[in-house]
Amino acid sequence: MFSPEYEKRILKHCSPVARNLFDNLESSTTPTSLDRFIPCRANNNWQTNFASINKSNDNSPQTSKKQRDCGETARDSLAYSCLLKNELLGTAIDDVKTAGEERNENAYTPAAKRSLFKYQSPTKQDYNGECPYSLSPVSAKSQKLLRSPRKATRKISRIPFKVLDAPELQDDFYLNLVDWSSQNVLAVGLGSCVYLWSACTSQVTRLCDLSPDSNTVTSVSWNERGNTVAVGTHHGYVTVWDVAANKQINKLNGHSARVGALAWNSDILSSGSRDRWIIQRDTRTPQLQSERRLAGHRQEVCGLKWSPDNQYLASGGNDNRLYVWNQHSVSPVQSYTEHMAAVKAIAWSPHHHGLLASGGGTADRCIRFWNTLTGQPMQCVDTGSQVCNLAWSKHSSELVSTHGYSQNQILVWKYPSLTQVAKLTGHSYRVLYLALSPDGEAIVTGAGDETLRFWNVFSKARSQKENKSVLNLFANIR
C-alpha cells in the first residue's frame with residue numbers, strides 16, 4: 001500500500017502500538033489491484049479479537065465508583081454485558097449463568113494475538129436460523145437471555161425498623177436478658193424487673209420486681225409454648241411465671257451464685273450458674289425429686305442451648321470450653337477446647353442435623369462450626385470482634401452474629417461459604433443480647449447503650465436449594 005522508503009520514514013516516528021498495527025495490517029492483507037481495503041465484519045470472532053487489546057483502564061477508580069453509584073449488582077452487570085455482546089459481537093449467549101462460568105474459565109487463559117479486522121471477499125450472510133423479518137429489536141438469543149429466570153436479590157436494611165429504650169439494661173457479657181416467645185412477646189430483664197413487650201399491640205407490662213429482695217435479674221427464657229417464662233436471679237434461685245395469670249408458679253433453688261443462662265426442653269429447665277454447675281429440673285414436680293446436676297465447667301456457665309431434636313444440650317463457659325451433654329449421662333459426651341476465650345454464643349443449626357456453631361470472646365473472636373455426630377471440628381472464621389451471640393435463620397442456611405469489642409456490629413453470614421451477607425451498625429456499646437422473632441424474619445438486639453433495636457435480616461421464604469427429602473426425620477411429623 002505504501003512505498004518501502006515512505007513506510008520506513010513513518011515507522012521511525014511511530015509508537016510500538018502503531019508499529020504492531022502496521023504489522024497486523026500487512027499480515028492480514030493480500031496484494032490486489034485495488035488501493036482500498038474494506039473489512040468484512042460478518043464472520044469475525046470479535047470477542048476473541050477484542051480481548052487481545054490491552055484494556056488498562058477497565059479497572060480504574062472512576063469506573064468502580066460509577067458502578068457503585070449506579071447501584072448495579074454483579075449479576076445485573078453481567079446480564080447487560082451479555083446482551084451487548086449478543087447484539088454487537090454476535091456471541092449468541094442465552095444464559096447468564098453459563099456466561100459467568102465461561103468468563104471465570106477464561107479469566108486465566110491468555111488471549112491469542114489476532115487482528116481485530118479481517119480483509120477478505122464478502123460471503124453470503126448467515127442468519128443462524130433467525131428470522132430476518134422478526135419485529136423484536138434484539139436477536140433470538142438475546143430474547144432467551146432476557147427471559148432466563150433470575151434469582152431475586154434480597155436487600156437487607158442497614159437501619160433498624162424500631163428502636164425501644166431499655167433503661168438499666170446491664171452491660172454484662174455473661175448475662176442473657178432478652179428472649180422472644182412463640183406468642184410474639186418480648187421478655188427483657190431491666191435491673192430488678194422483668195418487662196413484657198407485645199410485638200402485636202406494643203403494650204408493655206411489668207411481670208415481676210425483685211427489688212424488695214435486693215436482687216437483680218440475670219437471665220430470662222421462654223418455654224416452647226410461650227406461656228411460661230423463667231427468670232434467673234443474682235442470688236442464685238430461678239422463678240417460673242405463668243404469663244397469662246401473671247403469677248409465680250415455681251421457685252427453684254440449688255445454685256449458690258447468679259444464674260446467667262437458661263434453656264428449656266419441654267418442661268425440663270436447665271440452668272447454668274457462676275457456681276460452675278448446670279442443674280436440670282422438671283418444673284412440674286418438686287425440685288428434689290427431679291434434680292440432675294452436670295459438672296464439667298471450671299468457671300461460670302454463660303451459654304446453654306438444646307439441639308432441635310431435644311436430645312443434646314450444648315454449654316459454654318468462661319473456661320473457654322464447649323461441652324455437649326446427652327440426657328443419660330452426668331458427664332459431657334463431647335468436649336471442644338479450641339476457643340481461646342469465653343464461649344457464650346451457641347447455636348444449633350435447624351437445617352443440618354448435628355451442626356453446632358459457637359463463638360469466642362475478645363481474645364478469640366472466632367466463630368467455629370462442629371459436627372457433633374462425629375465430634376470433629378469443621379469451618380472457622382475470624383470475625384475481628386468479640387462474639388456475643390449466634391442465631392440461625394429458620395428458613396435458610398444463614399446465621400446472624402452480634403459482636404462487642406471492638407466494632408459492636410451485627411453480621412449476617414451465609415453457610416457453608418461463610419460469606420458476609422450484611423453488616424449492621426448502630427449500637428454504641430457491645431451488642432450483648434439477641435433474640436429471633438417467632439416468624440424467623442426479624443431479630444432484636446440489646447446493648448449497654450440501653451436500647452433495643454429491631455432489624456429485618458432474614459427472608460420468610462424457604463430456600464429453594466434446601467433439601468426437602470422425606471428421609472429428613474427432623475422436619476416432618478409423620
Side-chain angles (χ1 to χ4, degrees), residues 170-180 189 217-222 230-232 238 255 257-265 268-280 294-308 310 312-326 332-350 355-370 372 377 380 383 385-392 399-405 430-436 443 445-446:
Q170 298 187 56
D171 185 25
D172 193 325
F173 175 79
Y174 301 98
L175 306 185
N176 293 272
L177 296 175
V178 178
D179 198 18
W180 206 332
V217 179
T218 53
S219 57
V220 294
S221 179
W222 290 96
V231 179
V238 179
H255 288 293
R258 70 179 184 183
V259 179
L262 296 168
W264 286 89
N265 182 353
I268 306 298
L269 179 63
S270 301
S271 57
S273 171
R274 182 182 272 180
D275 63 8
R276 302 171 295 176
W277 287 96
I278 299 174
I279 302 180
Q280 294 181 345
L294 308 180
H297 287 284
R298 299 178 180 178
Q299 294 189 38
E300 180 173 7
V301 181
C302 50
L304 285 177
K305 285 292 172 63
W306 281 97
S307 61
N310 292 328
Y312 295 95
L313 174 69
S315 65
N318 197 33
D319 54 1
N320 310 343
R321 302 296 179 91
L322 175 67
Y323 291 141
V324 177
W325 316 75
N326 62 18
V333 294
Q334 291 179 4
S335 174
Y336 302 105
T337 60
E338 281 79 356
H339 282 292
M340 304 300 294
V343 183
K344 176 193 176 185
I346 302 173
W348 292 88
S349 171
L355 176 61
L356 176 64
S358 61
T362 307
D364 184 75
R365 307 182 307 274
C366 292
I367 299 176
R368 298 179 182 272
F369 297 85
W370 318 90
T372 60
C380 174
T383 66
S385 299
Q386 176 189 45
V387 184
C388 301
N389 294 279
L390 289 171
W392 288 87
L399 72 159
V400 60
S401 59
T402 68
H403 300 269
Y405 300 123
R430 297 181 296 174
V431 189
L432 298 176
Y433 311 110
L434 169 69
L436 184 65
I443 61 170
T445 57

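Worth knowing before you read on, the calculation uses all heavy atoms, side chains too, and leaves out hydrogens, waters and symmetry mates. Quantities reported herein were computed from a predicted structural model and do not represent experimental measurements.
- Separating the OG atom in S349 from the CG atom in L399 is a distance of 8.5 Å, to the nearest 0.5 Å.
- Looking at residues two or more places apart in sequence or on another chain, you find a side chain to side chain contact (heavy atoms under 4.5 Å, CB included) between T372 and V324, Q334, Y336, W348, L356.
- For W370, the side chain to side chain donor-acceptor pair (under 3.5 Å) partners at least two apart in sequence or on another chain are S358.
- The two residues A230 and L262 make their nearest non-hydrogen contact at O-CD1, 3.6 Å.
- Considering only residues two or more places apart in sequence or on other chains, C302 meets the side chain to side chain contact (heavy atoms under 4.5 Å, CB included) condition with Y174, K344.
- Rounding to the nearest 0.5 Å places CG of D319 at 7.5 Å from CZ of R298.
- Here the closest non-hydrogen pair linking W277 and A295 is CZ3-CB, 3.6 Å.
- Between F173 and L432 there is a side-chain heavy-atom pair separated by less than 4.5 Å.
- The side chain to side chain donor-acceptor pair (under 3.5 Å) check on Y433 picks up nothing, with sequence neighbours excluded.
- Considering only residues two or more places apart in sequence or on other chains, S219 meets the side chain to side chain donor-acceptor pair (under 3.5 Å) condition with none of them.
- Here the straight-line distance linking atom CG of D179 with atom CG of L177 works out to 11.0 Å at 0.5 Å rounding.
- The ring-ring contact (aromatic ring centres under 6.0 Å, His included) search around F369 returns Y415, not counting sequence neighbours.
- Under the side chain to side chain donor-acceptor pair (under 3.5 Å) criterion, N176 pairs with no residue, sequence neighbours left out.
- Contact detail for A257 and S273: the closest heavy-atom pair is O-OG, 3.1 Å.
- Taking all atoms of both residues into account, the shortest heavy-atom contact from A341 to G361 is CB-N, 3.4 Å.
- Of all heavy-atom pairs between L304 and S271, the closest is CD1-C, 3.7 Å.
- With sequence neighbours excluded, no residue satisfies side chain to side chain contact (heavy atoms under 4.5 Å, CB included) with R276.
- For L294, the side chain to side chain contact (heavy atoms under 4.5 Å, CB included) partners are I278, Q280, R292, L313, W325, V330, not counting sequence neighbours.
- Pairs of residues two or more places apart, or lying in two chains, that qualify as salt bridge (Lys or Arg N to Asp or Glu O under 4.0 Å) and include a residue from residues 299-308 are R258-E300, R274-E300.
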Could you give me the CA-CA distance, side-chain angles and deciding distance for T337 and R321, then say whether side chain to side chain contact (heavy atoms under 4.5 Å, CB included) is met?
-> CA-CA 5 Å; T337 60; R321 302 296 179 91; 3.5 Å; yes

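- Separation of atoms CH2 (W180) and CG (L434) is listed at 10.5 Å; rounding is to 0.5 Å.
- Every residue two or more places apart in sequence or in another chain was checked for a ring-ring contact (aromatic ring centres under 6.0 Å, His included) with H255, and none qualifies.
- Sequence neighbours left out, the pairs with a member in residues 360-370 that pass salt bridge (Lys or Arg N to Asp or Glu O under 4.0 Å) are R365-D382.
- Across I346 and A314, no two heavy atoms sit closer than the pair CG2-CB, 3.8 Å.
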